[in-house]
Amino acid sequence: MKLLSIGGVAGGATAAARARRLNEHAEIVIFERGEYISFANCGLPYYIGGVIKERDSLLVTTVKDFMQRYDIDIRVFTEVTAIDRANKKVEVKNLQTGELYYEPYDKIILSPGAEPFKPPIEGIDLDNIFNLRNIPDSDKIKQCVDEKKSESAVVVGGGFIGLEMAENLAMRGIKTTIVEKLDQVMPSLDFEMASFMSAHLKEKGVTCILGDGISSFSESNGHLAVHTENGKHIECDMVILSIGVKPENRLAIDAGLEIGNRGGIKVSATMQTSDADIYAVGDAVEVMDYVSGNITMTPLAGPANKQGRIAAENVMGRRTIFRGTLGTSVVKLFDLTVASTGSNERSLIANKISFLSSYTHSGSHASYYPGAEMMAIKLLFSPGSGKILGAQIIGQQGVDKRIDVIATAIYGSMTVYNLEELELAYAPPYSSAKDPVNIAGFVAANILKGDVKNINWNEMIDIDLETNILIDLRNPDELKEAGKINGALHIPLPQLRKRLGELDPGKNYILFCAIGLRGYVGYRIMSQRGLKAKNLNGGYKTFLGAKEKIMAESSNTPLWRAE
């Protein structure tokens with residue numbers, strides 16, 4: 001058998017290595033347009049920022065080492081320009097000499113990846129406007145920082161690469177501005193969770209311009225000028241474009257392979273294309289969303305590695321399937337760790353999937369052990385079975401551990417009731433006897449059991465204040481420190497039972513505290529005494545995260561202007 005892997009890195013190199021381990025006798029060739037077949041593209045921002053000191057640290061393996069270990073023919077600076085499916089050969093171009101030749105095949109694994117999206121914006125080809133996709137890109141950006149002594153930068157786009165680049169540029173002392181077309185950074189999160197990131201960026205000196213796109217770029221006084229759709233004019237020394245990526249599918253289209261509605265290569269669960277002898281993996285393919293069952297594209301290294309392994313196994317005669325992607329991700333943002341898995345609210349609404357949500361704020365480990373930090377967890381789950389649909393977590397410590405537990409739970413079709421019962425490792429330096437994942441399960445299960453009736457922040461936007469009264473259950477010192485909501489009745493939780501006689505049974509009461517726990521306790525007290533109450537989901541802390549959107553959309557703006 002002769003197997004051609006078109007493209008290296010996460011998908012192609014993994015596929016070739018797995019194919020060799022399964023078949024010592026196959027002839028395997030990797031074609032790679034660039035110089036490197038396996039490099040840590042997720043580490044590029046940290047190399048630019050100086051966190052990763054040595055450039056060679058980005059190389060997962062060298063061509064020489066890979067060839068020696070796996071006995072694979074690796075051809076770098078070589079591009080496959082066409083696939084002749086009828087005659088089972090590919091046209092190959094040596095990018096250094098210009099030579100064209102043909103290479104026969106029995107099977108192909110396509111791993112062309114994705115390319116940065118480059119919209120037709122005036123001035124986008126000016127000097128010092130960069131994309132970041134590979135090591136040569138990082139070399140150019142690092143040179144602009146190190147040698148040209150750039151003092152200011154604009155990052156266009158607030159996704160993974162944009163946020164990581166903003167952090168690393170700011171850590172280098174460069175005045176950094178993020179311009180994002182959406183009204184939030186990190187589109188995988190819901191608005192109220194992403195707002196914690198925007199606030200943290202501001203604390204670290206990074207300017208966020210949200211809800212505004214780029215209209216053009218120009219040169220001004222020896223600098224770049226960034227012009228936004230809302231009329232802003234930002235001068236800077238360099239621009240990083242992080243607008244998104246699109247699949248590199250030209251080769252597949254020209255070969256007549258079937259392309260999906262999202263522009264990616266259509267593949268089966270075995271990663272097989274519409275041609276039985278051609279498989280495809282990585283950023284260029286369309287796969288199934290594990291939660292919704294719909295088609296999606298996920299440009300992440302983890303799924304690409306798994307798909308490469310699965311494709312190789314099927315090429316070599318085994319039967320292995322890719323069951324879908326959760327899009328599990330994590331990003332470091334200065335002092336914060338931000339992670340998500342499964343679906344967010346927007347995708348659930350778009351896919352017409354019913355859901356409930358819960359918010360919890362728990363310590364990363366036992367509160368009495370020094371150094372505990374709070375983490376916010378948003379859990380999305382089915383209103384019927386309690387099946388977990390998604391989660392978002394923001395904190396400083398232990399976030400990655402908890403998101404991985406919940407991702408595993410989703411993959412195992414577990415429910416919030418299972419989260420209650422999980423037996424997770426506990427010692428004071430690492431967790432609490434009731435882990436934050438357990439707490440998230442308890443709170444979600446309380447909602448399903450009817451032990452609490454919640455009201456979400458978005459339901460507060462235009463609530464009738466004649467029939468609904470807010471009760472702030474926090475202690476007086478908390479109001480001074482964290483602020484308050486105008487018009488809310490202040491009854492600290494320890495006083496609630498004694499003051500129930502002051503309340504009107506004909507009114508609806510919305511209870512809130514800092515994070516929701518005392519609101520839940522207050523609800524249990526009032527509901528069993530015949531009073532109508534609801535608990536503000538996530539408490540005052542979650543309300544603060546959504547405050548800007550509430551104020552923008554509410555006719556009760558004076559009320560929501562927290563003091």
Side-chain angles (χ1 to χ4, degrees), residues 10-11 110-114 117 159-160 181-182 184 186-191 193-194 243-249 252-253 257-274 279-311 314 320-330 339-357 378-392 403-404 406-416:
L110 277 172
S111 182
F117 178 64
F160 291 105
K181 179 78 169 176
L182 298 176
Q184 66 173 80
M186 190 56 80
S188 60
L189 301 187
D190 290 317
F191 177 86
M193 298 295 282
I243 305 173
V245 295
K246 59 180 181 179
E248 290 202 35
N249 56 16
I253 292 173
L257 299 179
E258 191 172 353
I259 304 298
N261 293 332
R262 291 175 172 267
I265 303 167
K266 290 191 73 171
V267 293
S268 68
T270 63
M271 309 312 298
Q272 189 178 58
T273 70
S274 54
Y279 292 73
V281 301
D283 297 356
V285 304
E286 295 185 357
V287 293
M288 187 184 75
D289 180 289
Y290 190 81
V291 173
S292 70
N294 294 330
I295 295 300
T296 189
M297 298 188 71
T298 307
L300 295 171
N305 273 280
K306 295 173 183 65
Q307 292 161 15
R309 182 182 176 90
I310 288 168
N314 287 295
T320 312
I321 65 171
F322 183 68
R323 300 181 186 277
T325 179
L326 290 173
T328 306
S329 61
V330 64
S340 64
T341 187
S343 293
N344 58 24
E345 283 197 15
R346 290 188 306 281
S347 62
L348 291 171
I349 292 169
N351 289 314
K352 298 180 180 179
I353 298 174
S354 299
F355 66 92
L356 293 170
S357 63
K378 179 176 184 179
L379 196 64
L380 297 160
F381 51 95
S382 169
S385 64
K387 183 178 178 181
I388 307 160
L389 304 174
Q392 301 158 39
I403 204 69
D404 285 343
I406 297 176
T408 304
I410 297 175
Y411 197 78
S413 299
M414 295 171 70
T415 70
V416 299

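The model shown is predicted, which means the values in this text are computed figures rather than measured ones. Just so you know, residue 1 is the first one in the sequence shown, and it goes up from there. For the numbers below, each heavy atom of this structure counts, side chains included, while hydrogens, waters and symmetry mates do not.
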Looking at Ala304 and Gly282, what are the two nearest heavy atoms and their distance?
CB-CA, 3.8 Å
Search all heavy atoms of Leu300 against all heavy atoms of Asp283 and return the closest pair with its distance.
N-OD1, 3.9 Å
Inter-residue atom distance Ser268.OG - Ile321.CD1, 0.5 Å rounding
9.5 Å
Donor-acceptor pair, distance only, cut-off 3.5 Å: does the side chain of Arg262 make one with the backbone of Ile295?
yes
Would you say the side chain of Ile406 lies within less than 4.5 Å of the side chain of Leu379, judging by non-hydrogen atoms?
yes
Separation of Asn305 CG from Ile310 CD1 (nearest 0.5 Å):
11.0 Å
Indicate the atoms forming the closest heavy-atom contact of Ala407 with Thr328, along with that distance.
CB-OG1, 3.7 Å
If every non-hydrogen atom of Pro303 is compared with every non-hydrogen atom of Thr298, which pair is closest and at what distance?
CG-CG2, 4.4 Å
Under a 4.5 Å cut-off applied to non-hydrogen side-chain atoms, are Leu380 and Ser343 in contact?
no
Who passes side chain to side chain donor-acceptor pair (under 3.5 Å) against Glu286, sequence neighbours left out?
none
Quick check for you: to the nearest 0.5 Å, what is the distance between Met193 atom CE and Ser340 atom OG?
9.5 Å
Would you say the side-chain atoms of Glu248 pair up with the backbone N or O of Gly113, donor to acceptor, closer than 3.5 Å?
no
Give me the one residue out of Asn249, Val285, Leu257, Val267 that meets side-chain contact (heavy atoms from CB on, under 4.5 Å) with Leu110.
Leu257
Residue pair Asn314 / Thr270: nearest heavy atoms and the distance that separates them:
ND2-O, 3.3 Å
Evaluate the side-chain proximity of Val287 to Gln307: yes if any heavy-atom separation is below 4.5 Å, no if none is.
yes
Any donor-acceptor pair under 3.5 Å from Ser274 side chain to Glu258 backbone
yes
If you compare all heavy atoms of Val291 against all heavy atoms of Gly342, which two are closest, and at what distance to 0.1 Å?
CG2-CA, 4.1 Å
d(Asn351 CG, Leu389 CG) to nearest 0.5 Å is 11.0 Å
Quick one: CG on Leu189 to CG on Asn344, what's the gap to the nearest 0.5 Å?
8.0 Å
Could you state the interatomic distance from CE (Met297) to CD1 (Ile265), rounded to the nearest 0.5 Å?
8.0 Å
Any donor-acceptor N or O pair under 3.5 Å, side chains Gln392, Asp190:
yes
Side chains of Tyr411 and Arg323: does their closest heavy-atom pair fall under 4.5 Å?
yes
